[in-house]
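Following: one structure in structure tokens, then a few remarks.
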Amino acid sequence: MEISAKYNPAETEDKWYSYWLEHKLFHSEPDGREPYSIVIPPPNVTGVLHMGHMMNNTLQDVLVRRARMNGKNACWVPGTDHASIATETKVVGRLKERGIEKSSLTREQFLEEAWKWKEEHGGIILEQLKKLGASCDWDRTKFTMDAELSQSVINTFVYFYKKGLIYRGVRMVNWDPVGLTAVSDEEVIHKQTKSNLFHLRYFISENGKPSDKYIVIATTRPETIMADAAVCINPEDERYHYLKGKKVFIPLINKEIPIIEDSYVAMDFGTGCLKVTPAHDINDYEIGLRHKLPVTDIIDEHGRLNEKALILIGEDRFVARKKIVKMLEEAGHLEKIEDYTSPVGHSERTNAVIEPRLSLQWFLKMEALATDALKSVEEGRVRLIPDRFNNTYRHWMENVRDWCISRQLWWGQQIPAYYLPNGEFVVEATFEEAFEAAKKIEPNIKREELKQDEDVLDTWFSSWLWPISVFDANKPGRPDAEPNRDLAYYFPTNDLVTAPDILFFWVARMIMAANEFMGKEPFTNVYLTGIVRDKQGRKMSKQLGNSPDPLELIAQYGADAVRIGMLLCSSAGNDIFYDESQIEQGRNFCNKIWNAFRLTRGWEVDDSANPSEPARLAVEWFENTLAKSIATINDHFSKFRISDATMAVYKLFWDEFCAWYLEAVKPVYGEKIDRYTYDKTISFFDSLLKLLHPFMPFITEELWHQIAPREAGQTIMGEAMPAQKPYSEEIIAEFNSAAEAVVNIRNIRQSKNLSPKESLVLYVKNGESVKMGAIISKLSNISQICSVEDFAQQGNGVNFMVGTTEFFIPVKVNADEERAKILAEIERYTKFLEGVRKKLSNQKFVSSAPENVVALERKKESDATEKLKNLNELLQRLK
RNA sequence: GGGAGCAUAGCUCAGUUGGUUUAGAGCAUCUGCCUUACAAGCAGAGGGUCAUAGGUUCGACUCCUAUUGCUCCCACCA
């Protein structure tokens, strides 16, 4: 049967994925084997696969498949994250398209819509992962808002509250006026933004009335002047000593405010006078606390001025800014406007400019948790790869602030705090328990009088439990509970593969939660991948439209090709510059494997024939080189050098196996292959497919089934990875010398226009042994290798050396050209020898360098001397 | 403003406690080949003052200092 010269992934991928699922090959249950577990970084439930996911999940799949073949009970737990703010924003948007405002719905109605959206779109991303070949245990798929996982979040909240680590307080938070929620410090992105520095005149009060004297303050936010509580100067600032104890008037609204002194004010910035607006700036808020200033909040949740602003009521903050500048100018309060660029906080999710806003929020005290989590890394129980992230990690852990865990959203776990009519509250896991607790405070309370907090918890407050809750949702919040069978077996997980930008959001917090509830770290190795960027170095993003659709790539090139393409260019922690040519390379590699198979498949076996000499030698060599490569690959994996491991397998297959081995054992056209060589070749192919399988699961499964008969239900996944074996460096070196001779001969053929079909005689100096001559003969079409006393008798020809062995091919040459070449060689070696001799004549070098280094230099000296001698003889002959 | 990291071939990167003949790989490039597994291929070749300047050392791509350029993280100078 004719097989296509091109590998067609579409024909195999779905077939094998179904096969794996059908035979439940990804499913894991605790047993007597050593466990190997990974929890997936749960993607946003309504998200779609992007290149970063491809990278990330390919790496995880490589690790999991390899562990499985290494005899571990491998379990990769998939799942999705409810991503409260992102999902809620999407749902709100979808409702808006249908003309429905969120505010017109009750909480229950909204959640119903959200769940509908989740059912429709949730899990698309998991289906996409299947296309990639991800060997997740789908029976264990979890969602951070599954009932039992939500319960574990609530239990955790109650636990920390009762432990005194969760508190409620008025704080200046980062308010997202579009998402209408507080966001954590980590969710604020500071961008350099062009704005203006407005210099405003505040008239000084005399007897309670504005005088004609004024001071100038500089501000970027003139729309907040109505909320000013004071003007502040540095007590050291002699320019303003005359202002001490005086008062000034806020322009436009003519409100009298005091001048206060605080060393926070920089004398050399702006005018040295700072307007203090406690409600709308975090620093001003702190100054306000120190000086007991009143707080006037003039901006509402949408970022509009409220009635307390007295003017421009209802205007958006940015519109108000333009208008008030005009009003100030008209009223003679505007001194000047300067261009100014400063960092402005933007919401990571909605990109709205963050408004510092005072509000009542829930916080988790972080200090103790962070101290322990820092130890986990510093004492080596968690290893970050690459380890340079240790510094970043430490910095964050040492400067951690309390975590604002409440969000003014509906999509998420509702905070289990229940308010009594008198304003007191109780925190309990269920309404019933809360009601009982409330009765102890207010014995006559009615059920309907007890109101649950409206807010939900930050998404990370559920995802930090992930490595525990996916196995046993009862455990978080209950450090004393017995872990169930799964948790006891799979926890702690082994490796975590994630992006460095969530090292703090997620990784650090998972360590904290696990330390608290499990008494140990949730994983041993954290492999931090790079961020996938386009060729111009831009982050892949939907907005830029520079992210290719991974599914289209898979359709076009095949999943194996995409995986290889990603792996080849991924070194840990370094950004990945995506280029489609990498995937083409992956596709070409699939094709190469496919064609190697086609070759072996076409062979007819002769059971009575003996192996040819080159075949025998090639088998012997490949056995050794395979063993050596396995050792190299294992070493790369132990250091998480996944791209190096990929490259090692790639070269082993393409260069060693195809370019050298198969060429050496290939029978002459029309002839059969002997049984021994054939069986060996198939067994090598089998080993190679196993080594390749973690990287390219589909083509390897397909070919593994084709190279030998298999029984139903059999899979390459269930096979043991080829084991590391001792190997002979000597045999490898001998083959390499033969290969070097082959390259030289091919080179001579090309430069002298000799057809590869024309066989040649190869001469070697008497007394020099040629190892693996049969390989040389076969691969460079040499009819005979002759030992001779002197090449001069053979007439014209070209010399070459492998090591110090001299070879000669008789061929017509241009004597001048040859001489020039030889002279160049002589010059090169002479210089080299000079350098070596200089080194060796240096007493200090000889006495202080280690013995082997000196010995090496002496060997260099003698080898180069020998080469020069040969070259000079050759030159003589040409004269 | 503080911190971290990077700088090696046209591109993407290795270079594992300073010594392994003349610094490696993949891709790309160039040359010759449609050689019955594969042109998505085969066979060859070229290409680097290891960012710059000093220093330590018998010896530096590797260690130190400074400079330049880039990246990321953190941060309250209005």
Side-chain angles (χ1 to χ4, degrees), chain A residues 3 5-7 185 190 197 217-221 232 264-266 268-277 281-286 340 342-343 356 386 388-389 391-392 395-396 399 500-501 503-504 531 535 537 557 561 568-571 573-577 579 581-582 584-585 587-603 635 639 641 643-644 646-648 650-651 658-659 662-663 666 669-670 742-743 746-747 749-751 753 755-757 828-829 831-833 835-836 839 842-850 852-854 856-857 859-861 863-864 867:
Chain A
I3 331 168
K6 302 252 188 295
Y7 169 62
D185 292 336
H190 292 273
L197 202 50
I217 58 110
T219 180
T220 53
R221 302 202 59 192
C232 189
Y264 166 76
V265 180
D268 54 359
F269 187 85
T271 60
C273 289
L274 171 71
K275 75 185 201 65
V276 183
T277 318
D281 184 280
I282 178 74
N283 302 302
D284 292 12
Y285 178 67
E286 278 160 20
Y340 186 63
S342 62
R388 65 185 152 83
F389 282 104
N391 287 332
T392 330
H395 182 262
W396 197 74
N399 296 283
D501 51 354
L503 182 59
F504 312 132
I531 292 166
K535 288 210 93 176
Y557 296 101
L568 283 176
C569 64
S570 67
S571 50
N574 285 343
D575 286 354
I576 289 127
F577 293 91
D579 185 351
S581 73
Q582 290 151 349
E584 273 177 38
Q585 196 185 340
R587 176 201 58 183
N588 295 355
F589 186 42
C590 289
N591 211 228
K592 188 71 191 177
I593 298 170
W594 181 252
N595 276 292
F597 162 69
R598 281 179 69 220
L599 175 69
T600 60
R601 166 119 174 188
W603 285 342
D635 184 52
K639 292 168 182 153
R641 296 168 164 232
S643 65
D644 286 348
T646 313
M647 186 49 76
Y650 178 92
K651 285 203 277 195
C658 294
L662 288 178
E663 290 302 328
K666 199 165 153 181
Y669 180 63
V742 170
V743 168
R746 285 172 177 167
N747 217 336
R749 280 183 187 278
Q750 182 157 342
S751 63
N753 281 318
S755 158
K757 286 176 183 156
R828 208 154 63 91
Y829 278 105
K831 262 193 195 160
F832 176 67
L833 190 59
V836 174
K839 221 175 189 182
N842 182 337
Q843 268 314 313
K844 279 192 171 169
F845 169 72
V846 180
S847 57
S848 47
N852 60 326
V853 175
V854 179
L856 201 72
E857 290 302 314
K859 173 124 181 11
K860 284 184 196 174
E861 186 189 23
D863 285 359
K867 276 203 167 145

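In what follows, every heavy atom counts, from backbone to side chain, and hydrogens, waters and symmetry copies are set aside. On a predicted model such as this, the values are computed, not experimentally measured, just so you know. Reminder, nothing fancy here: chain letters follow the sequence lines and each chain counts from 1.
Among A78(B), G19(B), U16(B), the nucleotide with an atom closest to any side-chain atom of Val853(A) is G19(B).
Of all the heavy atoms in Val265(A) and Gly272(A), the pair that sits closest is CG1-O, 3.4 Å.
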Listed pairs, N/O of protein and of nucleotides 45-51 of chain B, under 3.5 Å:
unit_1, atom_1, unit_2, atom_2, d
A45(B), OP1, Asn747(A), ND2, 3.0

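Here A75(B) presents its P atom at 12 Å from CD1 of Ile282(A), a figure rounded to the nearest Å. Between the NZ atom of Lys860(A) and the P atom of G19(B) there is a distance of 11 Å, rounded to whole Å.
Nearest-nucleotide positions on RNA chain B place Arg641(A) closer to the 5' end than the other of Arg641(A) and Asn842(A).
Looking at heavy-atom distances under 4.0 Å, Ser848(A) makes contact with a base. Among the protein residues, Tyr829(A) comes within range of the nucleic acid bases, having at least one heavy atom under 4.0 Å from a base atom. Within the nucleic acid shown, Asp863(A) comes within 4.0 Å of at least one base atom, counting heavy atoms only. Within 4.0 Å of Lys639(A), counting heavy atoms only, lies at least one base atom of the nucleic acid.
With hydrogens and angles ignored, a donor-acceptor pair under 3.5 angstrom links the side chain of Tyr264(A) to the base of C76(B). Between the side chain of Arg587(A) and the base of A40(B), at least one donor-acceptor pair of N or O atoms lies under 3.5 Å.
Ring geometry, Phe269(A) versus Tyr340(A): the interplanar angle exceeds 60°, so the pair is classed perpendicular (tilted spans 30 to 60°).
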Worksheet item: What does nucleotides 28-39 of chain B look like as a protein-contact string, B for base, S for sugar-phosphate only, - for none, at under 4.0 angstrom between heavy atoms?
Response: ---B----BBB-

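With a cut-off of 3.5 Å on both pairing distances, the Watson-Crick and G-U wobble pairs of RNA chain B assemble into stems of 3 or more at B:1-7 with B:68-74, B:10-13 with B:24-27, B:29-33 with B:41-45, B:51-55 with B:63-67.
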